[in-house]
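These notes concern the structure reproduced below.
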Amino acid sequence: MEGRALALSQFRLRVVGSPFLLSVDSGATRGSSGASGTPHSRGSSGASGRGRVATITPEAYPSRAGRGRAWKRDSPEASPRRAGTTRVPKLSPEVSSQRTGRTKVPSVNLEVSHHRAVAAVRLLRIEKGKAFVDLLNEKGNGSGENEMSYVERTLGFSTRCLDNRDIRLVTVIVAGTVRWKRYLDYLIMSLCSEEKVFREMEPLLLQILRIGFFEILKLDVPVYAAVDENVRLAKVALRPGAGNLVNAILRKLLRLKEANSLPLPKIEGDDRAQARALSIIYSHPVWMVRRWFRFLGKDEALKLMKWNNSDPYFSIRVNTANGYTRADLINRLESLQVHYEKSTMDEFVRIREGMQTVLQAGLLKEGMCAVQDESAGLVVSVVDPQPGETIIDCCAAPGGKTLFMAARLSGQGKIWALDINKGRLRILMEAAKLHNLDDMITDIHADLRLYAKETIAKYDKVLLDAPCSGLGVLSKRADLRWNRQFEDLEELTCLQDELLDSASMLVKPGGILIYSTCSIDPEENEHRITAFVQRHPDFIPQSVHGYIPAEFVTGEGLQQIDKLCHSEEH
């Protein structure tokens with residue numbers, strides 16, 4: 001089999017992923033392979049069926065953005081408090097937020113804004129509990145009881161269950177508040193009587209102020225509602241004095257906004273000083289801004305930060321393996337009155353609102369479609385699965401690319417899904433059954449680095465969608481910018497080298513190795529490939545021409561995906 005292509009990303013502006021293809025010289029000696037060329041593992045029952053490789057998990061490597069590992073946070077230490085829609089009740093000691101234990105059963109509180117109460121609690125969970133921002137809230141109303149239990153435990157009372165509109169409001173407020181946290185905190189601190197007031201502010205009070213500032217500055221929310229409802233929330237969830245403080249600060253913000261005199265830092269001085277100012281104005285960590293200045297230049301760094309702060313859309317891929325077409329999916333979306341846009345990729349449509357409707361209508365559960373980023377579709381296009389091929393996905397969970405590749409095999413061939421996380425592999429296989437692809441996919445629970453040393457299996461194509469910093473998906477992962485540190489890059493690049501070396505051991509002579517990340521950082525992409533080819537001269541980088549649309553390919557034959565994934569300016 002001839003080698004296909006090396007796909008790199010043009011990391012100039014708003015990039016989401018970066019697959020690389022390398023072909024292995026068919027004349028080179030790559031170690032032993034089975035006589036028939038069929039992959040199998042040493043000591044296993046063979047490649048056929050659903051046999052599993054023994055678990056090998058010495059040191060779990062961190063997953064790519066959106067998976068598993070909880071990274072360091074720069075949030076203040078906090079202890080959660082409370083929240084709730086309409087008249088202020090009399091407070092009693094039993095519902096005081098200052099108590100650590102409660103003797104009365106929490107009751108439904110209709111005196112405060114329910115979606116703001118839930119948003120405040122979720123923000124506390126993100127900061128103190130290291131929860132992830134759930135932009136999709138996939139369980140929909142089914143998660144209502146869970147959400148209310150968090151509210152009750154945190155605030156001492158609950159609110160009514162959330163409907164679709166409420167869930168949408170919570171999602172927008174939480175994601176936006178987290179995304180703009182540095183900017184909001186700078187303004188809150190500037191409007192406090194003294195810095196000490198901000199530094200010693202109760203965590204719940206800070207979340208309520210952040211919500212109020214975000215609504216006033218970034219959302220089309222009536223001013224009176226943003227002020228009155230957040231003041232009421234502070235009074236009921238904390239105490240009257242807290243509500244008075246929220247009222248004073250929010251009204252001061254309104255006066256400054258109306259006078260167009262918000263206290264923002266000036267963009268002046270050397271690059272370091274300008275990066276500090278821009279990190280506040282566009283709410284990004286300083287180290288990211290300085291790094292993008294270096295690799296992208298100031299103009300492109302500004303565009304990237306603006307994109308990261310825009311509201312994301314979600315892509316849905318139709319499941320052709322179950323016999324559905326994009327026209328079928330579009331008909332269902334229209335019947336549900338969900339607005340959509342056609343993607344340039346045949347299997348995908350985009351939606352900005354209405355995900356809850358899609359989820360609750362059962363489109364995912366019945367196997368009609370899957371939520372999947374279009375950049376993942378590009379990676380699969382570069383892999384170019386062909387009927388009869390053997391393919392291993394080396395960091396497979398949660399399985400979107402695995403399922404898409406299996407669907408492309410048209411019932412002929414085999415996909416091995418390897419991952420170190422057993423629970424996520426189980427979810428992958430459940431999704432495979434739902435998509436009628438479970439006979440084509442075999443899961444392997446193992447650490448790639450040890451599996452590659454112990455198996456004699458060789459595959460036609462090897463996909464390594466490597467753990468990375470996720471710096472290309474900050475618009476969809478609102479919290480990720482605060483969970484990454486500069487020091488993470490060194491750890492990740494070392495891991496990426498180890499995984500690349502291991503993945504290369506699984507490629508048949510003449511086969512293909514594809515390396516993919518969702519990072520825009522050259523250290524995780526071009527530099528890793530350059531170093532890999534120097535260590536493995538039998539792998540030959542080649543162009544992606546013919547595998548993805550020409551408009552996404554640079555003059556050097558590298559993949560440039562910003563045009564596809566970010567074709568709309570905001």
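Since this is a predicted model, take the numbers as computed values, not measurements.
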Practice task
Run the numbers on Asp185 and Arg210 for salt bridge (Lys or Arg N to Asp or Glu O under 4.0 Å), then give the verdict.
Solution key: CA-CA 7 Å; Asp185 283 358; Arg210 285 172 175 169; 2.7 Å; yes
Tell me the closest heavy-atom pair linking [X] and [Y], and the distance in Å.
{"X": "Ile330", "Y": "Lys342", "result": "CD1-CE, 3.6 Å"}
{"X": "Gly377", "Y": "Phe348", "result": "CA-CZ, 3.9 Å"}
{"X": "Glu366", "Y": "Ala361", "result": "OE1-O, 4.3 Å"}
{"X": "Ile173", "Y": "Ala119", "result": "CG2-CB, 3.9 Å"}

Exercise for the section: Scan Glu229, Glu215, Gln207 and name whichever one has a side chain to side chain donor-acceptor pair (under 3.5 Å) with Arg116. Expected result: Glu215
Exercise for the section: Among Glu524, Glu491, Glu523, Arg484, find the one that has a side chain to side chain donor-acceptor pair (under 3.5 Å) with Ser469. Expected result: Glu524
For the pair [X] and [Y], find out whether any cationic side-chain nitrogen is under 4.0 Å from an anionic carboxylate oxygen.
{"X": "Arg477", "Y": "Asp479", "value": "yes"}
{"X": "Glu194", "Y": "Arg199", "value": "no"}
{"X": "Glu374", "Y": "Arg350", "value": "yes"}

Exercise for the section: Take Leu302 and Trp292 through the side chain to side chain contact (heavy atoms under 4.5 Å, CB included) test and state the conclusion after the steps. Expected result: CA-CA 9 Å; Leu302 284 175; Trp292 293 338; over 6 Å; no
Exercise for the section: Count the heavy atoms belonging to other residues, nucleotides or ligands that lie under 6.0 Å from CD of Gln337, then report whether that count exceeds 12. Expected result: no
Problem - Asp270, CG atom: more than 12 neighbouring heavy atoms under 6.0 Å - result: yes
Main chain of [Y], side chain of [X]: is a donor-acceptor contact present, judged purely on distance under 3.5 Å?
{"X": "Arg326", "Y": "Met345", "result": "yes"}
{"X": "Trp180", "Y": "Leu217", "result": "no"}
{"X": "Arg182", "Y": "Ile281", "result": "no"}

Exercise for the section: Establish, for the pair Lys257 and Phe213, whether the NZ or CZ atom is under 6.0 angstrom from the six-membered ring centre and no further than 45 degrees off its axis. Expected result: no
Handout entry: salt bridge (Lys or Arg N to Asp or Glu O under 4.0 Å) between Asp311 and Arg352, worked out
Key = CA-CA 8 Å; Asp311 292 331; Arg352 292 194 181 275; over 6 Å; no
Exercise for the section: Give me the one residue out of Thr177, Val174, Leu209 that meets side chain to side chain contact (heavy atoms under 4.5 Å, CB included) with Phe214. Expected result: Thr177
